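Basis for what follows: all heavy atoms, side chains included, without hydrogens, waters or symmetry-related copies. Model, not experiment: these values are computed from the prediction.
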Amino acid sequence: MAELETPDTTFDFAGILKILKKWRKQLLITGLVALAGAFIFTRPFFMPDYFESTAVIYPSNIAPFSMESPTETMLQIVMSEDIKDQLISDFDLYKHYNINPKSPTHRKEIYEQLNGNISIGRTAYESINIIVADQSPDTAKLMVDSIVKHLDTKVETLHALKTAEVVKMYEKELELKSKEIDSLENKARIYAKDYNIVDFNGQIKEVTRAYYRKKGDPELKQTYDNFRTMGIDAMDVKEQLMRKYSFYAETKNKYEQALRDYQKIFTHTHIVTQPVAAETKSFPHRTVIMVVFTLSVLFFALLVIFWIENYRKNIAPRLAEID
């Protein structure tokens, strides 16, 4: 049995032209069929037009969480399921996207559709780019408006919750310090009423001088003894009161500022680029799809033709010799 030689699978330029000429009708028909098929399947019935609306926004009055920047915080919020659920409700998206709300996978389907039609990302300038695509240019624009509105509301809700916690914290501190001040003031009143100790540092010199001038006066002796035995405690109570008054005043200022922040209505989004209803479709690019599809089919057809020609030229004769 003769040993098979390695088939010659190379084609020179002249050979390629010869093959193309030989198969020109088949290639022409294949190209026309592919083009016609691409034309049909890129019609709006199969591949509807989509219009995009865009907004560019900057964060404003946003307190970042942890080590995040305000932009990163806003990005986390705008991509939350809460805002997506608001969109679903606002635009009746189950009906809009023809999704059965009773389907066991309805939430997965609606979120996948939303994620495919909404693009949200951070720009190089720390702003956020929001792009919504829809078959209706007006709906796309309104959905961008809705996202921005609900984003602002969501941030305001989080801001209110956070500042409310701060307000409650300062209220508790003020209540505690007020009780401590009341207790110290009661002690100070007892020292003043029962022992005549109103201002130890201011009174001690006069009491001591008077006591030594009139040593036989029992009332002066009692006052002097009161200052000697309880003066330090009375002075300590007064010093504690001064510190509590100062701390209370400082805490009250912080409380009032937190209360103003809680009651104030902030705007949390600064819109740099307002969304508009697109006048022309954004995709699909039908001409590009048709050209790429037709060229792909022709390329595949050429591979098949070269394989057939190689088979006829090299493989089939060898197989015949074997037989």
List the steps, then state whether side-chain contact (heavy atoms from CB on, under 4.5 Å) holds for N310 with F306.
CA-CA 6 Å; N310 181 62; F306 288 149; over 6 Å; no
Please identify each residue that fulfils salt bridge (charged side-chain N to carboxylate O under 4.0 Å, His left out) with [X], with sequence neighbours left out.
| X | result |
| --- | --- |
| K149 | none |
| K108 | E112 |
| K172 | none |

If hydrophobic clusters are built from ILVMFWY residues whose side chains come within less than 4.5 Å, do [X] and [Y] share one?
| X | Y | result |
| --- | --- | --- |
| I19 | V297 | no |
| V288 | V291 | no |
| I308 | L27 | yes |
| L20 | L28 | no |
| V33 | F41 | no |

Donor-acceptor pair, [X] side chain versus [Y] backbone, under 3.5 Å?
| X | Y | answer |
| --- | --- | --- |
| S183 | K179 | no |
| T157 | T153 | yes |
| S80 | I77 | yes |
| H150 | K84 | no |

From [X] atom [atom1] to [Y] atom [atom2], the distance as rounded to the nearest 0.5 Å:
| X | Y | atom1 | atom2 | result |
| --- | --- | --- | --- | --- |
| Q113 | Y97 | CD | OH | 5.5 Å |
| S119 | N129 | OG | CG | 7.0 Å |
| I130 | I120 | CD1 | CD1 | 5.5 Å |
| I181 | L176 | CD1 | CG | 10.0 Å |
| L35 | L295 | CG | CG | 10.0 Å |
| D134 | L93 | CG | CG | 8.5 Å |

Set of residues satisfying side chain to side chain donor-acceptor pair (under 3.5 Å) with respect to T280, sequence neighbours excluded:
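T280: no side chain to side chain donor-acceptor pair (under 3.5 Å) contacts found.
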E171: partners by side chain to side chain donor-acceptor pair (under 3.5 Å), with sequence neighbours left out:
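By the side chain to side chain donor-acceptor pair (under 3.5 Å) rule, E171 matches Y255.
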For [X] versus [Y], what's the shortest heavy-atom pair and its separation?
| X | Y | answer |
| --- | --- | --- |
| L151 | I83 | CA-CD1, 3.8 Å |
| D90 | S146 | OD2-OG, 2.9 Å |
| A140 | V132 | CB-O, 3.6 Å |
| A301 | T30 | CB-CG2, 4.2 Å |
| T71 | I128 | O-CD1, 3.8 Å |
| F91 | H96 | O-CB, 4.1 Å |

Does [X], at its [atom1] atom, have more than 12 non-hydrogen atoms belonging to other residues, nucleotides or ligands within less than 6.0 Å?
| X | atom1 | answer |
| --- | --- | --- |
| K177 | NZ | yes |
| M79 | CE | no |
| F300 | CZ | no |

Passes side-chain contact (heavy atoms from CB on, under 4.5 Å), D85 versus R107? Steps please.
CA-CA 10 Å; D85 289 340; R107 286 186 68 81; 3.5 Å; yes
Full working for salt bridge (Lys or Arg N to Asp or Glu O under 4.0 Å) between K244 and D182:
CA-CA 10 Å; K244 298 295 181 184; D182 287 344; over 6 Å; no
Decide side-chain contact (heavy atoms from CB on, under 4.5 Å) for I147 and L87; before the verdict, give the C-alpha distance in whole Å, the side-chain angles of both, and the deciding distance to 0.1 Å.
CA-CA 7 Å; I147 290 172; L87 285 177; 3.6 Å; yes
List the residues meeting side chain to side chain contact (heavy atoms under 4.5 Å, CB included) with [X], not counting sequence neighbours, and say none if there are none.
| X | answer |
| --- | --- |
| E173 | M169, Y170, F247, T251 |
| E165 | none |
| S127 | V56, Y58, T123 |
| I271 | I57, V148, Q274 |

Show, in sequence, the C-alpha distance, side-chain angles and deciding distance for Y50 and K281, and conclude whether the side-chain contact (heavy atoms from CB on, under 4.5 Å) test is met.
CA-CA 6 Å; Y50 277 84; K281 69 181 178 69; over 6 Å; no
Would you check if [X] and [Y] make a side-chain contact, meaning some heavy-atom pair closer than 4.5 Å?
| X | Y | value |
| --- | --- | --- |
| K168 | Y262 | no |
| W307 | L303 | no |
| E109 | N100 | no |
| M290 | T287 | no |
| V155 | T73 | no |

Under a 3.5 Å cutoff, is there a donor and acceptor pairing between the side chains of [X] and [Y]?
| X | Y | answer |
| --- | --- | --- |
| D261 | T163 | no |
| D82 | Q86 | no |
| R260 | Q257 | yes |

Taking salt bridge (Lys or Arg N to Asp or Glu O under 4.0 Å) as the cut-off, I'd like each qualifying pair that reaches into residues 14-37, sequence neighbours left out, listed once.
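The answer is K22-E309.
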Taking only residues at least two apart or on different chains, which pairs with a member in residues 137-146 satisfy salt bridge (Lys or Arg N to Asp or Glu O under 4.0 Å)?
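Qualifying pairs: K141-D145.
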Mind jotting down which residue pairs meet the ring pair (Phe, Tyr, Trp, His ring centres under 6.0 Å) criterion with at least one end in residues 106-134? Sequence neighbours excluded, please.
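Sorted result for residues 106-134: Y94-H106.
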